[in-house]
Amino acid sequence: MKYFKFFAIFCAALLILFVAKGFITPSITYGSKIVVDKPITEAWNVMNDESKVSQWLEGMTKMEHISGEKGKVGQVTRYTYNQDGQESIIVETMKSIKPEEHVAMDFVMEDVMTMDYRMDLSTENGKTIIQSTSTTEGIGMFMRSMISFMEGSMQQQEDLNMGKLKEVIEGNKTVY
């Protein structure tokens, strides 16, 4: 009985710490930066080429235009991802866009998380710099706590996607 009581107290303490982490860290912010050896116009066009998106977004299997004018503020797109047999859907709403300069979007994964995402483009010495910034927050207390522990894995995923974007842009053969 003594061990059971100790185990119960230990589990309760872990649960309190888990929930407290979600209160202390309600959102996480991370980003990534790549430098591509292509002009900004080509980098922008490749980045926005729907036929190439699945080449740099890990696990994306389907992209559906839902509403709004493509490439304009208010556009809504649904992305389907499959990772390790697990399907998930993320809905993107375009909130700001300035060609060859930036694009900002809100993403929602129902009952899981929201994400405020932005990509900024600039040039330096004939190369294009693409920098992403993301602020992610879990929906509900449990997911808020979960997300607060996932900063490293989300950063790793963003670095992977941006690295693939660099490869796709630098390997581009399409003339826009």
Side-chain angles (χ1 to χ4, degrees), residues 27-123 128-140 143 146-147 150-176:
S27 65
I28 57 172
T29 300
Y30 52 93
S32 192
K33 179 179 174 181
I34 56 173
V35 178
V36 294
D37 197 12
K38 291 282 187 164
I40 197 166
T41 300
E42 184 174 356
W44 176 264
N45 288 330
V46 170
M47 191 175 84
N48 288 284
D49 185 337
E50 290 184 14
S51 71
K52 296 181 190 272
V53 173
S54 64
Q55 295 174 30
W56 60 274
L57 284 181
E58 178 84 6
M60 194 201 78
T61 58
K62 190 175 181 183
M63 181 176 168
E64 301 170 84
H65 177 77
I66 303 301
S67 65
E69 187 177 342
K70 285 187 176 187
K72 303 287 183 190
V73 171
Q75 170 189 325
V76 178
T77 306
R78 179 183 348 209
Y79 295 88
T80 303
Y81 290 84
N82 190 319
Q83 294 180 326
D84 301 324
Q86 182 73 16
E87 187 176 271
S88 57
I89 294 173
I90 298 177
V91 177
E92 166 200 274
T93 303
M94 179 95 54
K95 63 181 187 178
S96 177
I97 186 167
K98 188 165 185 184
E100 300 181 18
E101 193 172 298
H102 79 268
V103 61
M105 301 153 288
D106 284 328
F107 291 96
V108 176
M109 181 182 238
E110 190 174 336
D111 297 329
V112 177
M113 68 179 179
T114 62
M115 182 185 306
D116 178 16
Y117 188 82
R118 181 177 172 107
M119 289 182 94
D120 290 289
L121 289 83
S122 59
T123 59
T128 302
I129 300 165
I130 304 173
Q131 186 160 354
S132 70
T133 307
S134 182
T135 300
T136 303
E137 183 173 328
I139 297 174
M143 288 310 301
M146 285 294 292
I147 296 292
M150 296 173 64
E151 185 171 1
S153 63
M154 293 184 112
Q155 176 68 59
Q156 187 177 20
Q157 185 65 53
E158 184 64 8
D159 289 341
L160 176 69
N161 288 342
M162 292 289 279
K164 285 183 171 190
L165 176 58
K166 176 182 172 75
E167 290 173 8
V168 172
I169 293 170
E170 290 184 343
N172 178 55
K173 303 288 185 224
T174 306
V175 177
Y176 294 96

To check you understand the geometry: which heavy-atom pair defines the closest contact between [X] and [Y], and what is its length?
{"X": "Y79", "Y": "L57", "result": "CE2-CD1, 4.4 Å"}
{"X": "S32", "Y": "D159", "result": "OG-OD1, 2.8 Å"}
{"X": "H65", "Y": "S67", "result": "CE1-O, 3.3 Å"}
{"X": "M60", "Y": "V53", "result": "SD-CG1, 3.7 Å"}
{"X": "G31", "Y": "Q155", "result": "O-NE2, 2.6 Å"}
{"X": "I130", "Y": "M119", "result": "CG2-CE, 3.5 Å"}

Kindly determine whether V91 and V76 satisfy side chain to side chain contact (heavy atoms under 4.5 Å, CB included), including the steps that lead there.
CA-CA 7 Å; V91 177; V76 178; 3.6 Å; yes
Verify the neighbour count for atom CD of E101: are there more than 12 heavy atoms of other residues, nucleotides or ligands below 6.0 Å?
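Result for CD/E101: enclosed.
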How about CD on E64, more than 12 heavy atoms from neighbouring residues, nucleotides or ligands closer than 6.0 Å, or not?
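Yes, because the 6.0 Å sphere around CD of E64 holds more than 12 heavy atoms from other groups.
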Heavy-atom distance under 4.5 Å between the side chains of [X] and [Y], does that happen here?
{"X": "S88", "Y": "Q83", "result": "no"}
{"X": "T128", "Y": "V35", "result": "no"}
{"X": "I169", "Y": "W56", "result": "no"}

Working to the nearest 0.5 angstrom, can you tell me the gap between [X] [atom1] and [Y] [atom2]?
{"X": "M47", "Y": "L165", "atom1": "CE", "atom2": "CG", "result": "7.0 Å"}
{"X": "I89", "Y": "T80", "atom1": "CD1", "atom2": "OG1", "result": "4.5 Å"}
{"X": "R78", "Y": "I90", "atom1": "CZ", "atom2": "CD1", "result": "12.5 Å"}
{"X": "Q75", "Y": "M94", "atom1": "CD", "atom2": "CE", "result": "4.5 Å"}

Is a side-chain N or O of T93 found less than 3.5 angstrom from the main chain of G74, in a donor-acceptor match?
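Pair absent, no side-chain N/O of T93 close to backbone of G74.
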Is the backbone of V168 close enough, under 3.5 Å, to the side chain of Q55 for a donor and an acceptor to pair up by distance?
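A pair under 3.5 Å: no.
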Result of checking M109, E151, M113 against T136 for side-chain contact (heavy atoms from CB on, under 4.5 Å):
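When side-chain contact (heavy atoms from CB on, under 4.5 Å) is applied between T136 and each of M109, E151, M113, only M113 qualifies.
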Examine the side chains of Y30 and Q157 and answer whether a donor and an acceptor come within less than 3.5 Å of each other.
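Distance-only check fails for Y30 and Q157.
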Are a donor atom and an acceptor atom from the side chains of E100 and T41 found within less than 3.5 Å of each other?
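E100 vs T41: donor-acceptor pair found between side chains.
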Before giving the answer on side-chain hydrogen bond (donor to acceptor under 3.5 Å, both in side chains), spell out for N82 and Q86 the whole-Å C-alpha distance, their side-chain angles and the decisive distance to 0.1 Å.
CA-CA 5 Å; N82 190 319; Q86 182 73 16; over 6 Å; no
Sequence neighbours excluded, every pair satisfying salt bridge (charged side-chain N to carboxylate O under 4.0 Å, His left out) that has a member inside residues 45-58:
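As it turns out, the salt bridge (charged side-chain N to carboxylate O under 4.0 Å, His left out) pairs with a partner in residues 45-58, which skip direct neighbours, are E50-K70, E58-K164.
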Would you sort out whether S134 and E158 count as a side-chain hydrogen bond (donor to acceptor under 3.5 Å, both in side chains), showing the intermediate values?
CA-CA 9 Å; S134 182; E158 184 64 8; over 6 Å; no
Decide, yes or no, whether a salt bridge links D120 with R118 under the criterion of side-chain N to carboxylate O below 4.0 Å.
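So D120 pairs with R118 through a salt bridge.
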Check the angle between the aromatic planes of Y117 and F107 and answer parallel, tilted or perpendicular using the 30° and 60° thresholds.
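Ring orientation of Y117 relative to F107: perpendicular.
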